[in-house]
K.L.:
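One structure, as structure tokens, below. Some questions next.
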Amino acid sequence: MSTRGFLLIVSSPSGAGKTTLTRRLLREHDTIDFSVSYTTRPQRPGERDGVDYHFIDNARFDRMVEDGEFAEWFVVHGNRYGTAKAPIEASLAAGRDMIFDVDFQGARALAGAWPADSLRVFILPPDLATLASRLRSRATDAADVIERRLRKAIEELGHFGEYDHLIVNAELEPAYQVLRAVYLTRRYGDVVRPDVALPLPALAAARDANTASDPAAHARRLIATAG
Ligand code: 5GP
């Protein structure tokens, strides 16, 4: 059966554990490609050029904008980040899915450009103290950068209503199981398929149990706490 791929767009405030979750999903599913964004922000220790991001200078970013190479681009935390169009079309046409780690602005733009082929997932932290301590424990960023990221995180939280699924990342394993269920049921459907060796109804039940746990109420509480 030929399947057109789809865009799995994942956003979260930084420090909510999105990278860990999405990297594991990628590692365990060879039907997904990662959209390697372009950015003008400096490379952090441990990051690989061309794998985590394409690290480029302002002049090259300007040229890519002029040449219409981006599906979307925005300024996030004072640096520019953009998603190239061509790899998306290539993955979808090959029946592969693509995962995106973008902020709410990027998520909105991509879902606007591929409305029928997009699924938006938002990862929520268990509470704001955890978020702040996860940001601070990233010794790679300076103190003012961390404060800026915390403010941006709270702003980002306000956009939870634009997403199809909300996942609270209180513990990694259950959060991952929900993300996996959301992904697999979008790709293969909810019902038993003779050609797919996956417990699709059970995965659909896990996905629906997450929705029934009312993660939106959790998001509203987080925002209320931030004042
Ligand atoms: P970081 O610098 O911590 O890797 O990412 C900062 C923020 O930029 C994150 O919220 C991440 O999701 C977002 N981001 C990364 N790549 C893109 C992109 O191509 N487009 C948009 N709009 N946001 C991005």
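Computed from heavy atoms alone, side chains included, the values below leave out hydrogens, waters and symmetry copies.
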K.L.:
Does a side chain donor of either Thr40 or Arg80 reach within less than 3.5 Å of an acceptor in the other side chain?
P.N.:
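No pair is found: no donor N or O on one side chain lies under 3.5 Å from an acceptor on the other.
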K.L.:
Is there a donor-acceptor pair under 3.5 Å between the side chain of Gln43 and the backbone N or O of Glu47?
P.N.:
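Yes; judged by distance alone, with no hydrogens or angles, the pair exists.
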K.L.:
Transitively linked via ILVMFWY side-chain contacts under 4.5 Å: Val36 with Phe74?
P.N.:
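Val36 does not cluster with Phe74.
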K.L.:
Does a side-chain heavy-atom distance below 4.5 Å link Ile223 with Ile154?
P.N.:
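In short, these two side chains do not touch, never coming nearer than 4.5 Å.
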K.L.:
Taking side chain as C-beta onward, heavy atoms only, is Arg187 less than 4.5 Å from Asp97?
P.N.:
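In contact.
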K.L.:
I'd like to check Phe122 versus Leu157 (side-chain heavy atoms, cut-off strictly below 4.5 Å). Are they in contact?
P.N.:
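Result yes, sub-4.5 Å side-chain heavy-atom pair found.
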K.L.:
Give the intermediate values and the outcome of side-chain contact (heavy atoms from CB on, under 4.5 Å) for residues Leu200 and Leu203.
P.N.:
CA-CA 5 Å; Leu200 293 170; Leu203 289 167; 4.2 Å; yes
K.L.:
Between Glu69 and Lys85, is there a side-chain N and carboxylate O pair less than 4.0 Å apart?
P.N.:
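No, this pair does not count.
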K.L.:
Would you please name every residue forming a side chain to side chain donor-acceptor pair (under 3.5 Å) with Asn169, sequence neighbours left out?
P.N.:
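If we apply the side chain to side chain donor-acceptor pair (under 3.5 Å) test to Asn169, skipping adjacent residues, there are no hits.
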K.L.:
Tell me whether Val121 shares a hydrophobic cluster with Leu25, the cluster being built from Ile, Leu, Val, Met, Phe, Trp, Tyr side chains joined at under 4.5 Å.
P.N.:
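Per the 4.5 Å side-chain linkage, Val121 and Leu25 are co-clustered.
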K.L.:
Hydrophobic clusters here meaning ILVMFWY residues chained together by side-chain heavy-atom distances under 4.5 Å, can you tell me if Val10 and Tyr183 are in one?
P.N.:
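Result: yes, single cluster for both.
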K.L.:
I'd like to know if the side chain of Ser213 reaches the main chain of Asn210, judged simply by a donor and an acceptor atom lying under 3.5 Å from each other, with no hydrogens or angles considered.
P.N.:
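Yes: the side chain of Ser213 pairs with the backbone of Asn210.
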K.L.:
For the atom pair CG (Asp52) and OG (Ser37), what is the distance rounded to the nearest 0.5 Å?
P.N.:
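One finds 10.5 Å between CG of Asp52 and OG of Ser37.
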K.L.:
Are Leu8 and Phe34 grouped together when hydrophobic residues (ILVMFWY) are joined by side-chain heavy atoms under 4.5 angstrom apart?
P.N.:
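Same cluster.
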K.L.:
May I ask whether Phe55 and Val76 are part of the same hydrophobic cluster, defined by side-chain heavy atoms of I, L, V, M, F, W, Y residues being less than 4.5 angstrom apart, directly or through others?
P.N.:
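Yes.
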K.L.:
Are Asp103 and Lys152 within salt-bridge range, i.e. N to O under 4.0 Å?
P.N.:
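Salt bridge present between Asp103 and Lys152.
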K.L.:
Hey, does Tyr163 have a side-chain heavy atom less than 4.5 Å from the side chain of Phe104?
P.N.:
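Result yes, sub-4.5 Å side-chain heavy-atom pair found.
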K.L.:
So, do Glu72 and Val102 sit near enough that their side-chain heavy atoms are less than 4.5 Å apart?
P.N.:
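Counting from C-beta outward, Glu72 and Val102 do come under 4.5 Å.
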K.L.:
Show your reasoning for whether side-chain contact (heavy atoms from CB on, under 4.5 Å) applies to His29 and Leu184.
P.N.:
CA-CA 9 Å; His29 299 86; Leu184 290 172; 3.8 Å; yes
K.L.:
So, Arg23 and Glu28, do they make that salt bridge, N to O below 4.0 Å?
P.N.:
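Looking at Glu28 together with Arg23, the answer is no, because their closest N to O distance does not fall below 4.0 Å.
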K.L.:
Would you say that Leu135 contacts Arg148 through its side chain, given a criterion of any heavy-atom pair below 4.5 Å between the two side chains?
P.N.:
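SC-SC contact between Leu135 and Arg148 ruled out.
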K.L.:
Please walk me through it: do Thr31 and Tyr188 pass side-chain contact (heavy atoms from CB on, under 4.5 Å)?
P.N.:
CA-CA 12 Å; Thr31 43; Tyr188 298 110; 4.0 Å; yes
K.L.:
Do Tyr38 and Trp73 have ring centres separated by under 6.0 Å?
P.N.:
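No - the distance between ring centres of Tyr38 and Trp73 does not fall below the 6.0 Å cut-off.
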K.L.:
Does Ser118 use its side chain to pair, donor to acceptor, with the backbone of Leu7 at less than 3.5 Å?
P.N.:
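It does not hold such a pair.
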K.L.:
I'd like to know if the side chain of Asp33 pairs up with that of Ser91 as donor and acceptor (distance under 3.5 Å, no hydrogens or angles considered).
P.N.:
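Side-chain D/A pair, Asp33 to Ser91: present.
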K.L.:
Would you compute the distance between atom CG of Leu21 and atom CD of Gln177 and round it to the nearest 0.5 angstrom?
P.N.:
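Interatomic distance, Leu21 CG to Gln177 CD, rounded to 0.5 Å: 10.5 Å.
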K.L.:
Cation over ring, Arg96 on Phe6, under 6.0 Å and within 45°?
P.N.:
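No, Arg96 does not sit over the ring of Phe6.
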K.L.:
First locate atom CG of Leu110, then atom CD1 of Ile9, and finally report the distance between them rounded to the nearest 0.5 Å.
P.N.:
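Here the rounded value is 5.0 Å.
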K.L.:
Say you draw a straight line from NZ of Lys18 to OG of Ser11; how long is it, rounded to the nearest 0.5 Å?
P.N.:
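So the gap between those two atoms works out to 6.0 Å.
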K.L.:
Taking 4.0 angstrom as the limit, do Arg151 and Glu156 come out as a salt bridge?
P.N.:
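Salt bridge absent between Arg151 and Glu156.
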K.L.:
Less than 4.5 Å apart, side chain to side chain, heavy atoms only: is that true for Arg136 and Leu150?
P.N.:
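Touching, per the 4.5 Å side-chain cut-off.
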K.L.:
Could you state the interatomic distance from CD1 (Ile88) to CE (Met98), rounded to the nearest 0.5 Å?
P.N.:
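Rounded to the nearest 0.5 Å, the CD1-CE separation comes to 6.5 Å.
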K.L.:
Residues in side chain to side chain donor-acceptor pair (under 3.5 Å) with Thr211, at least two apart?
P.N.:
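If we apply the side chain to side chain donor-acceptor pair (under 3.5 Å) test to Thr211, skipping adjacent residues, there are no hits.
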K.L.:
If we only count heavy atoms from C-beta on, is the Glu162 to Arg108 side-chain gap below 4.5 Å?
P.N.:
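Yes, their side chains come closer than 4.5 Å.
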K.L.:
So how far is it from Ser35 OG to Tyr53 OH, rounded to the nearest 0.5 Å?
P.N.:
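The distance works out to 10.0 Å.
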K.L.:
List, one per line, each side-chain donor-acceptor pair under 3.5 Å for residues 123-132, sequence neighbours excluded.
P.N.:
from: Asp127; atom 1: OD1; to: Ala129; atom 2: N; distance (Å): 3.3
from: Asp127; atom 1: OD1; to: Thr130; atom 2: N; distance (Å): 2.7
from: Asp127; atom 1: OD1; to: Thr130; atom 2: OG1; distance (Å): 2.5
from: Asp127; atom 1: OD2; to: Thr130; atom 2: OG1; distance (Å): 3.2

